[in-house]
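Got a structure here, written out as structure tokens. Questions coming.
One-based numbering along the sequence shown. Keep in mind the model is a prediction, meaning the values are calculated, not measured.
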Amino acid sequence: MMIRARNIRKRAALAATSTGLALALLSGCGDGKGSPAADTLATTSAGPSVADTPPSVPTTDPAPAPPTSAPTPPPAPTRSADPTPTATPTTAPSPVRTTSRPPSRPSTAPPVVTPTPTPRPSTPVPTRAVTTAPPAGGASSLWGGQYQGTTRVTVQLYDYCSLNGARRPAGSQTYSMPTTLTVTRPREAGGLRENNPFALLLSVGQPTQTGAFTLGTSAAVAASAGQLLLTYWQLSWDNGNLRGQLTDTHAREAAALNLVNWATLLVPCRPELGTLPGGMPHSVAVGASLSGQLTAAGTSLTAKGASDDGLVEFAFEFSGSR
């Protein structure tokens, strides 16, 4: 800063000298004669001229003077050192004691693993309309047996020929017919089994004969999905004593098996006009019964019932041997 002021003063002196020189030159040029002031100025400024000697230039670059008020330098960024994890000792929790006694020593025996039983899947049981036949209790000794004998039949006939259309008695008949009773093992069809100790088929006379009867406990019929088991009678047998009841006619399936074949008038209420040849089968109604003795040696059975249309009531006794 001092050097710069010095240079300024030198330049001001040079400027004054130059100005004076210029004035002297102008005065001398006015009349061709020199003036004392110009001579004095020339004598005074007889030193080195500005044109001859340039101002001295310092050999070193002038250092800038420090500012009057130095700016505060910005704070240097402080590098945050990576935090050093400090291990904090963890104190194990004290065991909670329910009593004042010291805790027992831990057992060194290996833990006993109790196996959990895995439930076995249940064996699927096919759905059955009838259950498996109960223990026969000796009834199986009758399977395959065939009994031959005679049946004495009593029939009470009815019609609807009264004036008010009510049912009324129309006579009765008694007759005998040869009979066959067949005993087989419970019938099976379509994965089902008859729920009886055995299957029975009782044939009184020929099926197309007037007065003939057919009583059967079960049958297998054809269906769209295969064979279909139909059960008609519910039987019980105990030490030779047989009881049974007709529980389903299966007429809705057009599979009536228990039938009584009886004569049918050509014209209702006009018996004098005759009957249809061969008779007409009538379905036996639910509620018919069968009871008696059935052993390996022989049988003696009684049956009672009626037709579905109420025209025939019957009772018969069958005796036969094997």
Side-chain angles (χ1 to χ4, degrees), residues 147-183 199-219 221 230-235 242-294 299-320:
Y147 300 80
Q148 302 287 340
T150 302
T151 296
R152 182 177 176 83
V153 183
T154 299
V155 174
Q156 176 64 53
L157 303 176
Y158 294 87
D159 63 26
Y160 295 89
C161 297
S162 61
L163 295 178
N164 60 1
R167 191 180 72 152
R168 66 179 188 178
S172 62
Q173 295 186 25
T174 299
Y175 56 94
S176 296
M177 283 188 172
T179 302
T180 300
L181 174 64
T182 303
V183 182
L200 294 181
L201 180 61
L202 181 65
S203 299
V204 179
Q206 296 299 319
T208 58
Q209 185 179 0
T210 299
F213 287 85
T214 300
L215 302 181
T217 61
S218 62
V221 298
L230 302 179
T231 302
Y232 301 86
W233 289 74
Q234 185 66 49
L235 301 179
L242 174 66
R243 287 186 177 277
Q245 186 173 28
L246 181 63
T247 58
D248 198 334
T249 64
H250 289 289
R252 62 183 177 279
E253 292 96 344
L257 175 63
N258 294 265
L259 304 170
V260 53
N261 193 52
W262 201 255
T264 301
L265 297 176
L266 288 173
V267 179
C269 301
R270 298 292 300 273
E272 67 275 12
L273 298 179
T275 60
L276 293 174
M280 177 70 68
H282 301 257
S283 176
V284 177
V286 169
S289 63
L290 185 65
S291 61
Q293 294 289 314
L294 179 61
T299 181
S300 177
L301 299 176
T302 298
K304 292 181 180 181
S307 62
D308 258 342
D309 54 14
L311 295 179
V312 180
E313 288 183 358
F314 63 88
F316 62 77
E317 295 179 355
F318 165 64
S319 295

Kindly compute the distance separating OG (Ser291) from CG (Leu301), expressed to the nearest 0.5 Å.
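Ser291 atom OG to Leu301 atom CG measures 7.5 Å (nearest 0.5 Å).
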Among all residues two or more places apart in sequence or in another chain, which pass the salt bridge (Lys or Arg N to Asp or Glu O under 4.0 Å) test with Arg243?
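Arg243 satisfies salt bridge (Lys or Arg N to Asp or Glu O under 4.0 Å) with no residue once adjacent residues are dropped.
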Would you say that Asn258 contacts Trp233 through its side chain, given a criterion of any heavy-atom pair below 4.5 Å between the two side chains?
yes
Partners passing salt bridge (Lys or Arg N to Asp or Glu O under 4.0 Å) against Arg167 (at least two apart in sequence or in another chain)
Glu313
Counterpart residues, ring-ring contact (aromatic ring centres under 6.0 Å, His included), relative to His250 (two or more places apart):
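Residues passing ring-ring contact (aromatic ring centres under 6.0 Å, His included) with His250: Tyr232.
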Would you give the length of the straight line joining atom CH2 of Trp262 to atom OG1 of Thr275, rounded to the nearest 0.5 angstrom?
11.0 Å
d(Thr302 OG1, Gln293 CD) to nearest 0.5 Å is 10.5 Å
Start with the C-alpha distance between Arg168 and Asp159, add both sets of side-chain angles, then the distance that settles side-chain contact (heavy atoms from CB on, under 4.5 Å), and finish with yes or no.
CA-CA 6 Å; Arg168 66 179 188 178; Asp159 63 26; 2.8 Å; yes
Measure the spacing between CE of Met280 and CG of Leu259 and express it to the nearest 0.5 Å.
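Between Met280 CE and Leu259 CG, I get 12.0 Å after rounding to 0.5 Å.
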Heavy-atom closest contact (Val260 atom, Ser307 atom, distance)
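Closest heavy-atom pair between Val260 and Ser307: CG1-CB, 4.2 Å.
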Identify which one of Leu181, Val153, Thr150 satisfies the side chain to side chain contact (heavy atoms under 4.5 Å, CB included) criterion when paired with Phe318.
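Exactly one option meets the side chain to side chain contact (heavy atoms under 4.5 Å, CB included) with Phe318, and it is Leu181.
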Just wondering, do Leu200 and Leu290 contact through their side chains at under 4.5 Å, heavy atoms?
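Leu290 vs Leu200: side chains touch.
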Below 4.5 Å, heavy atoms only, C-beta onward: do Leu265 and Arg270 meet side chain to side chain?
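A side-chain contact under 4.5 Å is absent here.
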Which heavy atom in Ser218 sits nearest to a heavy atom in Leu257, and how many Å separate them?
O-CD2, 3.7 Å
Quick one: pull up CG in Leu246 and OG1 in Thr217 and give me the separation to the nearest 0.5 Å.
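With rounding to 0.5 Å, CG (Leu246) is 10.5 Å from OG1 (Thr217).
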Measuring from atom OH of Tyr175 to atom OG1 of Thr210, what distance do you get when rounded to the nearest 0.5 angstrom?
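The OG1 atom of Thr210 is 8.5 Å from OH of Tyr175, to the nearest 0.5 Å.
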What are the two closest non-hydrogen atoms of Leu235 and Gly244, and how far apart are they?
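The answer is CD2-CA, 3.6 Å.
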Any side-chain heavy-atom pair from Thr264 and His282 closer than 4.5 angstrom?
yes
Side-chain heavy-atom pair Tyr147, Thr179 within 4.5 angstrom cut-off:
no
Around atom CD of Gln148, are there more than 12 heavy atoms of other residues, nucleotides or ligands at under 6.0 Å?
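Yes - once you tally the heavy atoms of other residues, nucleotides and ligands closer than 6.0 Å, there are more than 12.
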Do Thr249 and Val286 come close enough that some side-chain heavy atom pair is under 4.5 Å?
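Result yes, sub-4.5 Å side-chain heavy-atom pair found.
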Please find the pair of heavy atoms, one from Ala255 and one from Leu230, that lie closest to each other, and give the distance.
CB-CD1, 3.6 Å
Are Val312 and Leu157 packed together at the side-chain level, in the sense that at least one heavy-atom pair is separated by less than 4.5 angstrom?
yes
For Gln206 and Ala212 the tightest heavy-atom approach is O-CB, 2.8 Å
Non-hydrogen atoms of Gln156 and Ser172 that approach each other most closely:
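Shortest heavy-atom separation between Gln156 and Ser172 comes out as OE1-CB, 3.6 Å.
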With the side chain counted from C-beta on, respond yes when Leu215 and Phe316 share a heavy-atom pair under 4.5 Å apart, and no when they do not.
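Of all side-chain heavy-atom pairs linking Phe316 with Leu215, at least one is under 4.5 Å.
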